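Single-structure report; data block below.
Nothing here was measured: the structure is a model prediction, and the numbers come from that model. Counting starts at 1 for both ligands and their atoms, in listed order.
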Amino acid sequence: MKVLKFGGTSVANSESILKVLSVLNKNQNDNILIVVSALGGVTNLLQECLFSKGKSTKNLLKNIEERHLEIINNLSNIDGQTYLKNFLKEKLNKLEDILKAISNIDEITKKTVSNVLTLGEILSSIIIYEILKQRGLDISYINSQELIFTKEVNNNEVLDGEKSSVKIKNKLDLLDSKFMIAPGYICSNESNEISNLGRGGSDFSSAIYAKYCNAKSLEIWTDVSGVFNANPKIVERASPIEYLSYKEAMELSFYGAKVIYFPTLQPLIEENIPVFIKNTFDQDANGTCISNSTKLDKDEIVKGISHIEDICLINIEGSGMVGVPGFSKRFFESLSTKQINVVMITQASSEFSICIAVNSSDASLAKDVIDAEFKFEISQNKMNKSQIESNLSNIAVVGDKMKSRKGISGKLFNALGQNNINIKAIAQGASERNISIIIDKDNTKKALNALHETFFEENLKDVHIFITGVGNVGGFLIEQIRDQKEFIAKNLKINLKVLGISNSRKMIISDSEIDLKKWQIDLNKSKKIADYTDFQDKVLELNLRNSLFIDNTASDSIPNTYEKYLNNGVGVVTCNKIANSGTYSNYKNLKTLSRNNNCSFLYETNVGAALPVISTLNNLINSGDKIIKIEAVLSGTLNYIFNSFNEIDTFHKIVSKAVDLGYTEPDPKIDLCGVDVSRKILILARESGYELEIEDITKNHFLPDSSIEAESKEDFLLSLNKNKDHFNSILKKAQENNSRLKFVAKLDKGKASVGLEMVSPEHPFYNLVGSDNITVFFTERYKDSPLVVKGAGAGGEFTASGVFADIIKAGQGNG
Ligand code: ADP
Ligand code: ASP
Ligand code: MG
């Protein structure tokens with residue numbers, strides 16, 4: 001004998017019932033007991049009818065009728081149709097009468113509730129029985145209401161195993177047909193009144209039948225290919241678990257893996273009956289086997305992650321609890337009298353506080369019960385009234401072998417910490433089969449995906465990227481991500497997903513990946529007007545793990561959003577220098593937030609484009625070296641300009657060309673006034689540990705006053721033309737001294753300066769060509785022969801590659 005249970009989706013309509021038929025046809029060798037649920041969604045409709053509070057149920061009843069008629073019309077022969085339609089009509093008329101009576105007397109008894117809610121199973125089982133009979137199956141109908149019984153124990157309705165066993169065995173002894181069909185969910189109580197086994201209870205019905213008819217196995221046919229290692233509706237890359245022990249499956253189902261109703265496994269463990277979770281819609285898929293046969297077990301440590309949403313924490317505290325024996329007994333007994341299910345318990349070892357997690361629907365009752373039980377202690381100020389914290393979720397990480405492996409909780413905390421997810425409470429059972437945590441409900445999806453990635457996808461980590469600024473740097477960056485995406489996934493196991501792009505006019509942002517081959521077209525077509533606060537709101541609303549905000553702009557305002565990104569666990573990668581060269585306190589604050597929230601704040605390209613200037617400086621300091629002096633040519637732009645400046649071309653012409661090539665900031669005055677270089681040396685000074693402000697940098701200008709005072713970019717360029725003699729004379733002086741002009745930034749014992757200098761042929765800066773940068777670090781270790789970082793230090797493509805390197809670093813969780 002085998003028991004096969006078909007859930008709501010498997011019997012939802014005529015098409016799915018044909019699939020059920022094909023499963024049954026493959027079972028020629030065994031006797032089969034079939035347990036069916038109501039048509040998918042029908043129990044919910046019945047529940048709506050029940051709690052309609054006087055509102056019309058006409059549409060609900062019509063919907064229920066149509067769902068069943070669709071099956072009758074499509075699958076039954078004409079004679080059967082007449083019989084089944086009459087049967088359906090009669091049951092629905094009776095339901096209507098009950099609903100009318102309920103609304104008249106405004107009172108619902110437990111019996112009436114069961115009468116209404118179990119109607120779905122009565123209808124589905126009778127209709128399917130008729131259809132199977134018509135197709136020639138040797139089949140009998142068995143009525144679960146006469147065979148499965150419950151009894152009251154401590155105010156709880158539990159299975160009466162003895163009575164059910166006798167009834168089921170006696171009934172089956174009388175039948176000799178190959179197939180039997182029974183409605184799930186429905187049962188009778190001690191007083192022989194109709195009752196039910198709880199929502200999702202058809203799984204339990206099938207397990208009860210399997211136990212008492214000594215079935216060799218139970219197959220639960222549903223709409224997924226087994227128990228997945230996380231809810232497949234929430235974790236895209238969740239996959240079916242091949243094998244689970246009974247205890248693992250019980251933990252997963254208790255903590256929310258709805259695919260098995262949690263009391264189901266208990267009756268099966270005692271008889272060692274294996275359970276197979278199979279997919280009606282993909283019958284060849286392996287599914288999951290649940291048994292005690294360790295032969296099937298692979299060496300997996302963590303088997304699955306399950307979760308329950310809508311959890312509340314209830315916390316009680318007070319000195320009256322310390323060392324008082326029997327306190328916990330009173331506490332839990334009071335909850336049990338009201339049948340409140342405690343999902344999780346933690347108690348501080350000082351016993352000064354105890355915290356439980358319950359389903360939200362039980363929270364206020366639990367609070368009342370606890371406060372009433374400890375009324376005296378509360379009145380004596382020995383205890384405070386209990387406190388409720390709502391909108392939480394419970395997440396459980398489950399695996400029999402977790403106890404034999406160290407570091408599982410470390411990995412769990414790390415994954416959540418890196419995503420700025422705060423853990424409100426933790427519990428680990430003594431069996432160490434399960435670690436449970438409570439977090440904010442809003443973070444459920446993010447946490448499940450982050451944990452799934454940590455425990456099951458060590459192979460590939462998604463990094464969600466939101467880019468603002470797609471001009472020179474941003475444009476190259478997107479191209480580079482597009483071209484390297486596959487390589488990075490393969491070699492670094494990082495899946496770079498660009499989900500948001502914004503320029504100064506428009507933006508596109510959602511939870512689906514942007515096609516980087518046609519992002520310009522999509523951005524142009526977008527109806528969303530660019531707005532960096534809307535962009536931020538959307539990033540935070542999506543609340544995805546491993547999220548990075550990329551700022552490729554020179555905007556003054558966008559850096560004001562960094563704080564909120566970091567506070568919400570979104571890393572920031574920026575080539576924009578504004579934030580780090582603003583006030584010291586802002587710079588410090590962003591770095592602290594990045595550290596405290598475990599998310600990256602990376603800005604290597606603030607100095608020297610893609611050259612590793614900041615990281616070299618950090619490495620020196622972190623390894624214990626001390627910076628004595630830094631000398632640098634940090635403006636590729638100014639280096640390009642002074643290297644190109646000669647007696648043939650005017651200074652104005654060279655600067656205009658640099659503007660056209662994209663070598664300058666959008667406003668070239670920022671470069672030529674030394675503002676940009678001052679910002680860079682300021683950042684290096686701060687990274688070296690000096691609390692400097694921009695005003696502390698000594699600026700030695702080479703521009704005439706009229707250029708400094710120019711208000712627009714055009715005026716500025718014109719002023720360069722007007723002052724050509726001034727610039728020619730600077731050039732001439734350098735040539736006469738056999739020197740070259742370099743705009744040099746210095747940091748010497750905490751004092752920083754910038755200015756144009758003449759460097760002679762023996763100086764390391766003399767031969768610096770094109771737009772190259774050079775930074776020379778004199779440190780305690782590199783005292784005599786300084787450490788030099790030199791190379792191309794400007795240009796969109798180089799800067800983009802520096803930003804890209806930071807993105808990868810952040811994706812790897814470094815920095
Ligand atoms: P049935 O109607 O067949 O009893 P259920 O809806 O009760 O089906 O259970 C199957 C559903 O359980 C799946 O469609 C899936 O959405 C949900 N589910 C939640 N967690 C898991 C999990 N860990 N593995 C598989 N399914 C899960
Ligand atoms: N039909 C019931 C429910 O929806 C029982 C079940 O499907 O298992 O809860
Ligand atoms: Mg179910």
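At a 3.5 angstrom cut-off on N or O pairs, Lys5 does not count as close to ligand 2. Remark: ligand 2 and Asp203 share no N or O pair separated by less than 3.5 Å (distance only, no angle test). Residue Asp203 has no N or O atom closer than 3.5 Å to an N or O atom of ligand 1. Residue-to-ligand polar distances keep Tyr185 apart from ligand 2: every N/O pair is separated by 3.5 Å or more. Checked against a 3.5 angstrom limit, the closest N/O atoms of Ala257 and ligand 1 fall outside it. The N/O atoms of Val227, backbone and side chain alike, include none that comes under 3.5 Å of an N/O atom in ligand 1.
Ligand 2 is approached by Gly200 to a heavy-atom distance shorter than 4.0 Å. Within the 4.0 Å heavy-atom shell around ligand 2 one does not find Gly8. Heavy atoms of Gly304 come nearer than 4.0 angstrom to ligand 1 in no pair at all. Heavy-atom distances between Pro232 and ligand 1 reach below 4.0 Å in at least one pair.
Closest protein heavy atom to atom 3 (O) of ligand 1: Thr222 OG1, 2.7 Å. For atom 9 (O) of ligand 1, the closest non-hydrogen atom of the protein is Val259 CA, 3.5 Å.
Here is the list of ligand 1 atoms found below 4.0 Å of a heavy atom in Lys5: 4 (O).
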